[in-house]
Amino acid sequence: MAKSNNDSLFEAPPMAEQERMVEAILFATADPVSVLELTGRMPHGCDPAEALAYVRKRYEGRGVNLVKIGDAWAFRTAGDLGFLMQKETIETRKLSRAAIETLAIVAYHQPVTRAEIEEIRGVSVSRGTVDQLIELEWVRIGRRRMTPGRPVTFVVTQGFLDHFGLENARDLPGLKELRAAGLLENRPRPETVVETDEDEDDDQVDLFEDD
Amino acid sequence: MAKSNNDSLFEAPPMAEQERMVEAILFATADPVSVLELTGRMPHGCDPAEALAYVRKRYEGRGVNLVKIGDAWAFRTAGDLGFLMQKETIETRKLSRAAIETLAIVAYHQPVTRAEIEEIRGVSVSRGTVDQLIELEWVRIGRRRMTPGRPVTFVVTQGFLDHFGLENARDLPGLKELRAAGLLENRPRPETVVETDEDEDDDQVDLFEDD
Amino acid sequence: MTDSIFQEDVQTVAERQAAEALIVDVGAFEGPLDLLLTLSRTQKVDLRQISILELAQQYLAFVEQAKKLRLELAADYLVMAAWLAFLKSRLLLPPDPTEEGPSGEELAAHLAFQLERLEAMRNAAAKLMARDQLGRDFFARGITEDVQRVRRVTYTATLLDLMQGYARIRTKDDFRPFVLDRDSVMTMEESLARMRHLIGFAGDWTDIASYLPEGWDVDPVKRRSATAATFAASLELAKEGKIDIRQGETFAPIQIRKREPRDG
């Protein structure tokens, strides 16, 4: 590209101009554009590869970046700004009955295994229900139970306590209070609750002191 | 909560970041995006108007420029680089002379009724002509004129401004001169005395000042 | 169509060409005002100084010519011709002070205004179309991204929901209305399964009491349940045609035997 060249009549546009051209072509074309195609579209003597390198540099760190796709080039939204391409609508739904019951069992009986939850609810607990509670960050996996099979246990989280405005899970009203509040209309059988809970209660205390 | 400024929790991203966001959003779409929509899509506390000003400056003289269209913004390739884009050129239906004139009359006289268009052109306007302009999304129906019969009026659209690279309707070529020469007035024929024209002129002034 | 018209006319070639120059284009005029504007250009003056009288004469001559060529003119061309003839007379005659309405000058001024305005709009249209246009001279983004609508669902529950949920489970427990003591109950299913197996060995009439399982014949509660189950199972088997069943008299022992597969 030296000036002494005889081709100077057909001298290529200055590099800054070539950059503009690359910018415009890549902006307006519906598909990624190869260097070959750029060469075909830009004036004679242009060096699209070099111009591309400059454009790439210019758009580094910008909201759109020049990226290579196969052997073609295109502008793309910067990866970290993908969230702008979404319009979020937040919808609040009530937790399903199964989820509430499972959550209640975890809260009152923690740490509790899946088998225990099923036993208390009297129906099997779908994986989705527990997963949902974990996703909501209201339930997390606790220590494994030291029994055959070493099943995982579930406990409630700080997030759960925050959401429900509790200092700790022991603040949850007991059956007596529930009944006093009219939430338990029928004859209680308090023994059933406690029987196996002795050990677990200890655990529970540990747990909350850990937290 | 010791912080003096409560809002600091929701501090807006730095302006450089907001610039990137504006870039990303506007690069992702072919249609102009209003400041209002930008505000809705960018994080809380952002100032799209300010960011737009910076982005506009940044792209000055580049291969793509930030242009204002009505109250919306879009990136468009620089006008001098159109020759590179023959491949992208959209073959538009050739507009008839009647359609072109009608379009100009709507643009310069808006809001304008069909009767007024006919009065200016001295010939009846076929339904197809206006329909074609509406289909192109260059003309739309405006407010009804508060005159007997409450005729509909026609106005030009944002798409019209976008297509002809106009920031707003006041930028129409020669508008000032035409107005000064009294050629945008709706002068009634001497034999027909129409008193309602006062309102019409008001409307027109409103429109151009609103934009 | 114009061809046939011309053939019928007896004209010199020169005359015909002169007429053609104007007439052939009639279809290209956008109405009388447009025609007037075109005619006015022959005056080669600023539209503001145009002679409306001269223009009216030109127009009337044009209409005359068209009539001579039996060219059909749209009604509005003729209306304009009539109006211009009226205007011409007004402009030529001295104003009559007793006459109502606008003067010839006022009418002429308005026509001049209309022509000027039409021309101005034409020029504006030309300027507009000469502008850089989107999709022709400048371009929008080629690769667009759709804005995704993401619906994020958050779940919520109140402490009351939680307590009610728990109460519901515990109440279900407490309220389990009636738990059968399965220890001293023999079901028909159990008995049936047992008898299906045993019946193969019993060839002759046997008291169903002998089918009671071991240990179920002592405790009266158990014996009652087992007897009932065995009896019900026997009826079921009889219905299936597996056994015969008989009872000598009321309260006599109920006997069953295996029914032999029919061999004749």
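Note that the structure is predicted; figures quoted are calculated from it, not measured. A, B, ... follow the sequence lines: proteins, then strands. Residue 1 opens every chain.
A 6.0 Å sphere centred on CD of Glu167(B) holds more than 12 heavy atoms belonging to other residues, nucleotides or ligands. Taking a 6.0 Å sphere around CG of Leu36(B), one finds it holds 12 or fewer heavy atoms contributed by other residues, nucleotides or ligands.
Contacts between Ala74(B) and chain C at a heavy-atom distance below 4.5 Å are absent for every atom of the residue. Contacts between Ala78(B) and chain C at a heavy-atom distance below 4.5 Å involve the backbone alone (N, CA, C, O). For Ile143(C), the part lying near chain B is the backbone, with the side chain staying farther off; criterion is any non-hydrogen pair under 4.5 Å. Only the side chain of Leu178(B) comes within contact range of chain C, judged by heavy atoms closer than 4.5 Å. For a residue to count as touching a neighbouring chain, one of its non-hydrogen atoms must lie under 4.5 Å from one of that chain's; by this rule Glu119(B) touches chain C with backbone and side chain alike. For Phe27(B), the parts sitting under 4.5 Å from any heavy atom of chain C are the backbone and the side chain alike.
At a threshold of 4.0 Å, the pair Arg131(C)-Asp171(B) does not count as salt-bridged, since none of the basic side-chain nitrogens sits closer than that to a carboxylate oxygen.
In terms of non-hydrogen atom pairs under 4.5 Å with chain C, the most contact-rich of Asn65(B), Ile25(B), Thr29(B) is Thr29(B). With respect to chain B, the highest number of heavy-atom pairs below 4.5 Å among Gly142(C), Ser103(C), Ala120(C), Ala125(C) belongs to Ala125(C). In terms of heavy-atom pairs under 4.5 angstrom with chain B, the leader among Leu33(C), Leu128(C), Leu118(C) is Leu128(C). Note on Val67(B), Leu166(B), Leu26(B): by heavy-atom pairs under 4.5 Å with chain C, the leading option is Leu166(B). Ranked by heavy-atom pairs under 4.5 Å with chain C, the first of Ala30(B), Ala28(B), Pro32(B), Gly79(B) is Ala28(B). In terms of heavy-atom pairs under 4.5 Å with chain B, the best-connected choice from Glu116(C), Glu106(C), Lys127(C) is Glu116(C).
Atom OG of Ser96(B) is separated from atom CD of Glu30(C) by 7.0 Å, given to the nearest 0.5 angstrom. Distance check, rounded to the nearest 0.5 Å: CZ of Arg97(B) to CE of Met129(C) gives 13.5 Å. Within the model, atoms CE of Met85(B) and CZ of Phe138(C) stand 11.5 Å from one another, a figure rounded to the nearest 0.5 Å. For the atom pair CZ of Phe164(B) and CG of Asp132(C), the computed distance is 11.0 Å after rounding to the nearest 0.5 Å.
Sorted by first and then second residue, the pairs that involve residues 155-166 of chain B and meet salt bridge (charged side-chain N to carboxylate O under 4.0 Å, His left out), not counting sequence neighbours, are Arg76(B)-Asp162(B). Residue pairs meeting the salt bridge (charged side-chain N to carboxylate O under 4.0 Å, His left out) criterion with at least one partner in residues 76-92 of chain C, sequence neighbours excluded, are Arg90(C)-Glu99(C).
Within residues 47-54 of chain B, no residue has any heavy atom less than 4.5 Å from a heavy atom of chain C. Residues of residues 55-62 of chain B lying within less than 4.5 angstrom of chain C, judged on heavy atoms, are absent.
The one candidate from Leu184(B), Leu183(B), Thr102(B), Ile100(B) that meets the side-chain contact (heavy atoms from CB on, under 4.5 Å) condition with Met121(C) is Leu184(B).
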Self-check item: Arg117(C) vs His109(B), side chain to side chain contact (heavy atoms under 4.5 Å, CB included): CA-CA, chis, key distance, verdict
Solution: CA-CA 11 Å; Arg117(C) 185 174 60 179; His109(B) 290 260; 4.2 Å; yes
